[in-house]
Amino acid sequence: LKKSKESDAVINGLNEAFNRVYQMYGWSDSHDAWSYMKKFLIDGFLAFEILFSYEKTDDETIVRAKDIIGFKELDPTTLQPDIVHDEVSGQDIKIWWQYKDDPERERQIPDAHLIYISWQHGNFDGRISYLEGLTRTFNMLRQLENSRIIWNIQNAQKRIKIVVPIGTSTTDRAKDRLNELKAYYNEDTQIDALSGEVTINGQPKFSFNKTYIFPSKEGTQTEISEMGVEGYDLNSTEQLKYWWRRFIMETHIPANRFMLDPTSGPNNPMNGDANITREEYTFSRFIKRLQSIFKELIVKPVWIQFCLKFPLFAESELLRSLIAVKYNAENTFELAKERAIVQDG
C-alpha cells in the first residue's frame, strides 16, 4: 500500500508538472506548437530559456528555484555550449554562453535553465535543417518553370523588323539614334516568385506584337519584314518531371502520395497495395525521429519542474529515462500497414 501511494504521488507529480509546462508554453489555446515545429524545420534550431520563480530557504541564506513561470525564446546563433569547473560541487558542469564575443552582452546560462534542440543532433544527413535539403531542387524546378513561361510568352509575340535608312548622318548621331531605339524597345520580363504574375517593364500586361526599328545607311525606301522565331524548343516537360520527382524524394514523403506526372490523374495511395509500401514505414520512422527531438521542449522542463517538487528524485536517471511524450497518431498509412501485417498473420 505504501509503495502504491508513493507511485501515485510520483505519477501525479509528473502530470502536474506536464500540465504546468504545457500551460506556460500556451500550446493549449494557440497554434504555437505548430509554429515552433515549422520554425525548427526551416531554421534547424530552437532555444528557450526557462524562467523560474524563486524563494528563500528557512534560514534565508539561500535562494532557490520554486516553479517554472515561463519560457523566453532565444536566438540559437548567439549560444555556445561549454564545460566549466564548478567550485561549489567540485565537478565539471555544462553551461551555455550567450554573446560570448560581446563583453557588454555576454551571459553564462546553466544548462538546467536552457532548452536547445538542433536538427544536426538527429543525424539527418549532416544538414542544418529540413529546408536545406529542399532548397536546391526547388530552385532548379522553379527556374525551369520560369524559363518555359518566358519562352512561351516571347514566342507568342509577332516580331516586325523595320529598317530605316539614315543616309549621311554622322557616326555619333547614328549611335545616339540607336541608343534611343534600344532604350525605347528594351523590355524587362519578370515573374513574381509568390504570385506567379508576369510583368513587362514593371507593368502587368503583355504585348502580342513587337516592332523593331533599325537604321541603315544604304537604300532610300523603308523596308518592313517579319522576323522569325529562333531558339530552343522548351515545349518538352521531361526536365520538369525529373526535378519534380527529385523534389519529392528530398521531402522524404512517400512518392505514391503525389502525382509524379503532372499530366496524369491524381494518385490514390489507399488503393491496392500502395498503403502498405515500405516507403510509408520509412516515412513514419522519419517523423518519429523528428518527434523525439522536438519532445525535448516538453520533457526537459517537465523533469525540472518535477524535481523542484520532488528533489529526492533529482539524481534518478532511471526515472528520467522513463519520461516521454506520446504523440497522437494520425498516420493512416502506417495504421493500414499494421493492419495488413496482422491480417497476413
Side-chain angles (χ1 to χ4, degrees), residues 13-54 64-84 86 91-100 105-124 127-131 287-311 313-328:
L14 289 173
N15 288 332
E16 291 177 2
F18 174 83
N19 292 333
R20 183 176 185 84
V21 169
Y22 205 80
Q23 181 182 3
M24 292 298 101
Y25 273 119
W27 291 356
S28 58
D29 54 359
S30 69
H31 298 287
D32 288 348
W34 176 85
S35 300
Y36 285 132
M37 172 58 80
K38 180 180 178 181
K39 188 173 183 180
F40 176 62
L41 295 177
I42 295 174
D43 298 338
F45 303 90
L46 278 179
F48 293 90
E49 182 178 1
I50 305 175
L51 306 178
F52 297 91
S53 62
Y54 293 90
R64 64 185 179 186
K66 179 181 179 182
D67 287 303
I68 294 177
I69 59 174
F71 302 92
K72 179 183 178 182
E73 186 175 1
L74 303 178
D75 182 359
T77 61
T78 65
L79 299 170
Q80 181 179 340
D82 195 6
I83 302 295
V84 298
D86 183 19
Q91 298 179 350
D92 293 334
I93 60 174
K94 182 179 179 179
I95 58 97
W96 293 82
W97 295 102
Q98 187 178 26
Y99 304 111
K100 189 173 183 180
R105 297 191 295 172
E106 182 179 277
R107 295 178 59 205
Q108 181 178 330
I109 306 175
D111 183 63
H113 290 219
L114 190 74
I115 309 171
Y116 183 93
I117 62 175
S118 169
W119 180 268
Q120 293 178 324
H121 291 168
N123 296 322
F124 292 104
R127 292 170 176 168
I128 296 177
S129 70
Y130 176 73
L131 182 64
I287 295 299
K288 289 178 180 178
R289 291 199 300 272
L290 282 178
Q291 293 173 340
S292 66
I293 298 177
F294 194 76
K295 72 178 182 182
E296 187 68 10
L297 298 183
I298 288 289
V299 172
K300 184 172 183 177
V302 165
W303 174 249
I304 292 174
Q305 176 65 28
F306 172 77
C307 291
L308 292 177
K309 300 301 181 181
F310 298 87
F313 293 98
E315 301 297 330
S316 176
E317 295 295 335
L318 177 60
L319 181 60
R320 171 68 174 84
S321 64
L322 296 177
I323 300 177
V325 174
K326 183 178 180 180
Y327 293 88
N328 294 326

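Only a predicted model underlies this, so the values are computations on that prediction, with no experimental measurement involved.
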Close side-chain approach of [X] to [Y], heavy-atom, < 4.5 Å:
X	Y	result
Ile109	Leu74	yes
Ile304	Phe52	yes
Leu46	Glu73	yes
Phe18	Ile323	no
Leu297	Phe71	no

Judged by atom type as modelled, is there a donor-acceptor pair below 3.5 Å linking the side chain of [X] to the main-chain atoms of [Y]?
X	Y	result
Tyr116	Leu79	no
Ser28	Gln23	no
Arg20	Ile68	yes

Among pairs that include at least one residue of residues 40-54, which meet side chain to side chain donor-acceptor pair (under 3.5 Å), considering only residues two or more places apart or in two chains?
Glu49-Arg107
Let me see the working for Phe294 and Tyr327 under ring-ring contact (aromatic ring centres under 6.0 Å, His included), right down to the final yes or no.
CA-CA 11 Å; Phe294 194 76; Tyr327 293 88; 7.5 Å; no
More than 12 foreign heavy atoms under 6.0 Å from CD of Glu106: is that the case here?
yes
With Glu16 via salt bridge (charged side-chain N to carboxylate O under 4.0 Å, His left out) - residues at least two apart:
none
Working note: Asp82 + Trp96, criterion side-chain contact (heavy atoms from CB on, under 4.5 Å); need CA distance, chi angles, decisive distance, verdict.
CA-CA 6 Å; Asp82 195 6; Trp96 293 82; over 6 Å; no
Is the ring centre of Tyr36 less than 6.0 Å from the ring centre of Phe48?
yes
Please state whether the rings of Trp27 and Tyr22 are parallel, tilted or perpendicular, taking 30° and 60° as the class boundaries.
perpendicular
